[in-house]
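Beneath this line is the structure, given in structure tokens, with notes to follow.
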Amino acid sequence: MDTTEFWTTIEAARSAASADRPFAEVLADDLATRSKEDILRYQERFDEVSGAVYRWDVWAAAYLIGGGCSDDSFMDFRAGLVALGRDWYEKAAADPDGLAGHPAVIAAAGAYRDEALFDEDVNYVAARAFGRVTGDEEDFYEAWTEYEASRDRPARRGDDGMGEDFDFDDAAEMHSRLPRLAALYLGDITGQGPSDGDGRASVSDLELGTVPG
């Protein structure tokens with residue numbers, strides 16, 4: 001499975017997903033019809049795209065959207081970015097602040113909810129599909145360890161590959177680096193500009209992109 005097929009698979013699952021059949025369930029159903037090798041290749045691509053957004057600026061976006069974000073939660077957030085499909089994933093990778101324009105983020109911020117885009121179940125789709133093929137999910141982890149050892153893959157990035165670290169609890173810093181998301185979740189730090197009266201930017205302003213940034 002190359003990168004193009006990976007995203008085609010993601011988009012097909014997105015199209016088939018519904019309130020009764022969440023994205024992760026649909027994706028696991030699809031992968032469970034494939035060979036064990038295909039499932040391992042899917043996981044390889046998933047790790048690559050998830051790892052590519054393991055960056056401080058993306059983490060800061062997750063911190064604002066989630067009202068805080070631990071290591072584990074950031075893994076769920078990156079899985080959620082993948083679940084958005086290639087277009088939104090690539091937009092977020094290029095400019096995390098652009099997530100302020102995503103309808104789910106706007107709706108969640110307006111309702112003071114902190115679950116937008118976080119999708120823990122997506123992390124375990126390959127294991128669940130593999131387990132349905134073999135009868136035991138634990139088989140996936142053994143097979144994945146062997147698969148990784150057999151591949152000539154680049155070393156995992158350390159913190160040095162995450163870009164510049166900064167203080168997520170520094171409101172001025174967050175407004176400087178992620179102005180649209182900060183306006184949506186923290187309000188206008190200057191006390192000026194469009195808001196709904198509680199310091200947060202209005203939904204219409206975020207949709208129209210009129211918040212400074």
Side-chain angles (χ1 to χ4, degrees), residues 1-19 21-32 34 38-100 102-105 107-109 113-132 137 140-141 143-145 147-148 153 156-157 159 161-163 168 178 181:
M1 179 180 289
D2 61 14
T3 301
T4 298
E5 186 180 356
F6 171 84
W7 284 116
T8 298
T9 300
I10 295 295
E11 297 298 346
R14 282 174 49 75
S15 296
S18 66
R21 291 186 69 220
F23 169 79
E25 180 181 326
V26 174
L27 182 56
D29 287 346
D30 177 10
L31 292 176
R34 308 190 187 201
D38 277 348
I39 297 172
L40 293 170
R41 288 183 180 132
Y42 161 86
Q43 183 65 38
E44 185 175 20
R45 299 289 84 76
F46 178 84
D47 279 2
E48 287 173 358
V49 296
S50 176
V53 287
Y54 186 73
R55 304 190 329 239
W56 290 119
D57 57 347
V58 179
W59 202 332
Y63 193 87
L64 287 171
I65 292 169
C69 186
S70 66
D71 291 5
D72 287 346
S73 292
F74 187 40
M75 181 172 71
D76 299 342
F77 183 79
R78 299 190 327 266
L81 292 183
V82 175
L84 293 179
R86 188 169 198 168
D87 183 48
W88 269 105
Y89 169 87
E90 291 183 346
K91 287 179 181 178
D95 176 20
D97 195 40
L99 289 169
H102 192 281
V105 174
R113 300 195 312 269
D114 60 8
E115 79 283 3
L117 308 190
F118 291 78
D119 199 335
E120 179 181 7
D121 289 342
V122 177
N123 289 306
Y124 308 107
V125 163
R128 288 168 183 163
F130 201 93
R132 286 166 58 180
E137 276 190 30
F140 168 78
Y141 298 102
W144 177 243
T145 298
Y147 182 84
E148 279 198 300
R153 302 177 66 191
R156 294 181 184 274
R157 293 188 307 168
D159 288 354
M162 294 177 65
F168 297 170
L178 299 167
L181 280 172

Side chain to side chain contact (heavy atoms under 4.5 Å, CB included) against Asn123, all qualifying residues, sequence neighbours excluded: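 Expected list: Phe46, Met75, Asp76, Ala79.
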Spatial distance of atom [atom1] ([X]) from atom [atom2] ([Y]) [nearest 0.5 Å]:
X: Arg41; Y: Phe6; atom1: CZ; atom2: CZ; value: 15.0 Å
X: Leu181; Y: Asp57; atom1: CG; atom2: CG; value: 11.0 Å
X: Glu48; Y: Arg45; atom1: CD; atom2: CZ; value: 4.0 Å
X: Phe168; Y: Leu64; atom1: CZ; atom2: CG; value: 9.0 Å
X: Gln43; Y: Met1; atom1: CD; atom2: CE; value: 11.0 Å
X: Lys91; Y: Leu84; atom1: NZ; atom2: CG; value: 10.5 Å

Angle between ring planes, His102 versus Trp88, binned at 30° and 60°: parallel, tilted or perpendicular?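 Ring orientation of His102 relative to Trp88: perpendicular.
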Can you check side-chain contact (heavy atoms from CB on, under 4.5 Å) on Phe77 and Val53, steps first, answer last? CA-CA 10 Å; Phe77 183 79; Val53 287; over 6 Å; no
Do [X] and [Y] make a side-chain contact, defined as non-hydrogen atoms from C-beta onward lying under 4.5 Å apart?
X: Val26; Y: Phe23; answer: no
X: Leu81; Y: Leu99; answer: yes
X: Leu27; Y: Thr9; answer: yes

Can you sort out the partners of Asp72 under salt bridge (charged side-chain N to carboxylate O under 4.0 Å, His left out), two or more places apart, ordered by chain and number?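 Not a single residue meets the salt bridge (charged side-chain N to carboxylate O under 4.0 Å, His left out) criterion with Asp72.
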Heavy-atom closest contact ([X] atom, [Y] atom, distance):
X: Ala83; Y: Val122; value: CB-CG2, 4.2 Å
X: Trp59; Y: Cys69; value: NE1-O, 3.0 Å
X: Ala129; Y: Ala28; value: CB-O, 3.7 Å
X: Ala104; Y: Leu117; value: CB-CD2, 4.3 Å
X: Val58; Y: Pro96; value: CG2-CG, 3.8 Å

Judged by atom type as modelled, is there a donor-acceptor pair below 3.5 Å linking the side chain of Arg55 to the main-chain atoms of Ala93?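 Indeed, once roles are kept as given, a pair shorter than 3.5 Å links the two residues.
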Report yes if the distance between the aromatic ring centroids of Tyr147 and Trp144 is under 6.0 Å, otherwise no.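 For Tyr147 and Trp144, the ring centres are under 6.0 Å apart.
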Using ring centroids (six-membered ring only for Trp), state whether Phe74 and Tyr63 fall under 6.0 Å.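 Tyr63 vs Phe74: aromatic centres not under 6.0 Å.
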Of Arg132, Arg128, Arg34, which is the lone residue that meets salt bridge (charged side-chain N to carboxylate O under 4.0 Å, His left out) with Asp29?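 With Asp29 as partner, salt bridge (charged side-chain N to carboxylate O under 4.0 Å, His left out) holds for just one option, Arg132.
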